[in-house]
There are 2 protein chains.
Amino acid sequence: MSAPTTQHTYTIKETAALTGLPASTLRYYESIGVIAPISRGASSKHRVYDEEDLDRLMWVACLAATGMSVGAMRQYVTNGQRGPAAAAEQIELLAEQERRLAVEAQHIAVRQRYVRLKIDYWQAVEAGDTARAERVSSEARTLADQLKRTTKQ
Amino acid sequence: MSAPTTQHTYTIKETAALTGLPASTLRYYESIGVIAPISRGASSKHRVYDEEDLDRLMWVACLAATGMSVGAMRQYVTNGQRGPAAAAEQIELLAEQERRLAVEAQHIAVRQRYVRLKIDYWQAVEAGDTARAERVSSEARTLADQLKRTTKQ
DNA sequence: CCTTTGACTTCAAGTACTTGAAGTTCCTAC
DNA sequence: GTAGGAACTTCAAGTACTTGAAGTCAAAGG
């Protein structure tokens, strides 16, 4: 709506909110060299993140979300630095990551279904609706069976 | 299709697949008392999980997925033991957990969008399609702006 | 100018898994 | 029955954060 470029720097708190990584983890990643040292405020020691830092951190957050070790992340990030020559290779890495994130998303989805079923169950119990409680229990069994099939493939 | 009750026991590997928790974590949770000791095979030392164990572990997995400490999980699990008297309380706990899982799911979703955008970008670059690359970059900026709005609320 | 409030800083210690080594058990196949 | 391989077991050591204490800095109000 207004200017295309809104703001160009972020505090650690804003960065944490945008990347989904806790501030403590942002500092930790910097301390062990997963990301390059972040520039500091002119008259303060506070970290000042720019758009490019945000971008790198989003990528790191994606990698961390699927259980990649910090050593491996360091590798990936430094590899990412060398120009656009390796576009195909980049795409391969990204595609792999997409798959891993999909698995992670499925785990969360299963847990959400589980919690919703449990809520339904207890609501039925509370309402004394035995029939509905049993229906929910049988749905729970269906969920378990689906899981068995999904994970067996 | 066949009998309503399929199988009543599971190995640690099956349990890991169904709950989404690594086998090492299942053993760890048992060792520190987050879950009660699992019964062992008649002639082996191997753990044998039953449906009830599975149910408890799904709940623990839900709690762990949102960063709950093992101390707190221990609390929640033992609380869950005392009968259906506290249905309302159970529902409250479950609803809270549902909210936390939703946040977690959003984090993952954002990361998926990020990775997909990056793939689009590199594919455009690879194809020499500068116009498309720029369009994708602008979409990335839109994503960032959306994040800012979402997290600020 | 001074104080307060809240967000930031570092560094050390704690927590939550994870991995590896070394050994046992299960299962299938001869 | 016994050989081989996969899957299990325990336990100790490592990794990846996380938390807490103690102090610094920025902005707002008196």
Side-chain angles (χ1 to χ4, degrees), chain A residues 7 9-35 37-50 53 57 59-77 100 103-104 107 111 151-152, chain B residues 7 9-35 37-50 53 57 59-77 100 103-104 107 111 151-152:
Chain A
Q7 179 193 1
T9 63
Y10 306 87
T11 66
I12 195 169
K13 200 185 180 188
E14 288 167 338
T15 307
L18 291 169
T19 59
L21 295 170
S24 58
T25 303
L26 295 177
R27 284 189 280 261
Y28 172 64
Y29 282 172
E30 187 180 344
S31 76
I32 61 169
V34 165
I35 54 168
I38 300 297
S39 63
R40 304 305 181 100
S43 67
S44 82
K45 290 194 282 184
H46 294 189
R47 288 168 177 82
V48 178
Y49 295 83
D50 62 22
D53 293 327
L57 281 168
W59 178 228
V60 168
C62 289
L63 297 174
T66 61
M68 179 166 291
S69 75
V70 292
M73 287 196 275
R74 208 170 358 211
Q75 275 289 325
Y76 272 52
V77 171
R100 279 193 269 255
V103 169
E104 200 54 37
H107 282 160
R111 282 156 198 175
T151 52
K152 255 175 198 163
Chain B
Q7 180 193 359
T9 64
Y10 306 87
T11 67
I12 194 168
K13 200 186 179 186
E14 288 167 336
T15 307
L18 291 169
T19 59
L21 295 169
S24 57
T25 302
L26 295 177
R27 282 189 281 262
Y28 172 64
Y29 282 172
E30 187 180 343
S31 75
I32 61 169
V34 165
I35 54 168
I38 301 296
S39 63
R40 303 305 181 100
S43 68
S44 82
K45 289 194 282 185
H46 294 188
R47 287 167 178 83
V48 178
Y49 295 83
D50 62 21
D53 293 327
L57 281 167
W59 178 228
V60 169
C62 289
L63 297 173
T66 61
M68 180 166 289
S69 76
V70 292
M73 287 197 273
R74 210 174 350 217
Q75 275 290 325
Y76 273 52
V77 170
R100 279 194 268 257
V103 169
E104 201 53 38
H107 282 160
R111 282 157 198 175
T151 53
K152 255 178 199 161

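What you see below is based on every heavy atom in this structure, not just the backbone, and it leaves out hydrogens, waters and symmetry mates. In the text below, chain A, chain B and the rest are named by the order of the sequence lines, each starting its count at 1.
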Quiz prompt | Earlier contact from the 5' end, DNA chain C, for A:K13 and B:M73 | solution =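 Nearest nucleotide further toward 5': that of A:K13.
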Exercise. Return the 5'-most residue of the pair B:G71, B:G41 with respect to DNA chain C, ranking by each residue's nearest nucleotide.
Key: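 Here B:G71 is the residue nearer the 5' end.
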Is [X] close enough to [N] that one of its side-chain N or O atoms is under 4.0 Å from OP1 or OP2 there?
| X | N | result |
| --- | --- | --- |
| B:R74 | C:dT15 | no |
| A:Y29 | D:dC17 | yes |
| B:S44 | D:dC8 | no |
| A:R40 | D:dC25 | no |
| A:R47 | C:dT9 | yes |

Quiz prompt | Verdict with supporting geometry, A:I35 and A:L57, side chain to side chain contact (heavy atoms under 4.5 Å, CB included) | solution = CA-CA 8 Å; A:I35 54 168; A:L57 281 168; 3.8 Å; yes
In whole Å, what is the span from the [atom1] atom of [X] to the [atom2] atom of [N]?
| X | N | atom1 | atom2 | result |
| --- | --- | --- | --- | --- |
| A:R27 | C:dT10 | CZ | P | 7 Å |
| A:E30 | D:dA16 | CD | P | 17 Å |
| B:L26 | D:dC8 | CG | C1' | 13 Å |
| B:M68 | D:dC17 | CE | P | 20 Å |
| A:Y28 | C:dA16 | OH | P | 16 Å |
| A:K45 | D:dC25 | NZ | C1' | 9 Å |
| A:Y49 | C:dT9 | OH | C1' | 12 Å |

Quiz item: Nearest to the side chain of B:P22 - C:dC17, C:dT18, D:dT10?
Solution: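 In terms of side-chain proximity for B:P22, the closest of C:dC17, C:dT18, D:dT10 is C:dT18.
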Self-check item: Shortest side-chain distance from A:H46, nucleotide among C:dT18, C:dT9, D:dT9
Solution: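 Looking only at heavy atoms from C-beta outward on A:H46, the closest nucleotide is C:dT9.
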Practice problem: Please report the C-alpha distance between A:T15 and A:L18 in whole Å, then the side-chain angles of each, then the deciding distance to 0.1 Å, and finally whether the side chain to side chain contact (heavy atoms under 4.5 Å, CB included) criterion is met. | Solution: CA-CA 5 Å; A:T15 307; A:L18 291 169; 5.9 Å; no
Give one of base, sugar-phosphate or nothing for [X], where a contact means two heavy atoms less than 4.0 Å apart.
| X | result |
| --- | --- |
| B:T25 | sugar-phosphate |
| B:S24 | base |
| B:I32 | nothing |

Self-check item: Side-chain donor/acceptor of A:R74 to backbone N/O of A:I32, under 3.5 Å
Solution: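 Side chain of A:R74 to backbone of A:I32, a donor-acceptor pair under 3.5 Å: yes, one is there.
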Exercise. For the pair A:E30 (side chain) and A:R27 (backbone), establish whether a donor and an acceptor sit closer than 3.5 Å, ignoring hydrogens and angles.
Key: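 Such a contact is absent between A:E30 side chain and A:R27 backbone.
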Quiz item: Would you call A:R111 and B:E104 a salt bridge, taking side-chain N to carboxylate O under 4.0 Å as the test?
Solution: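 No.
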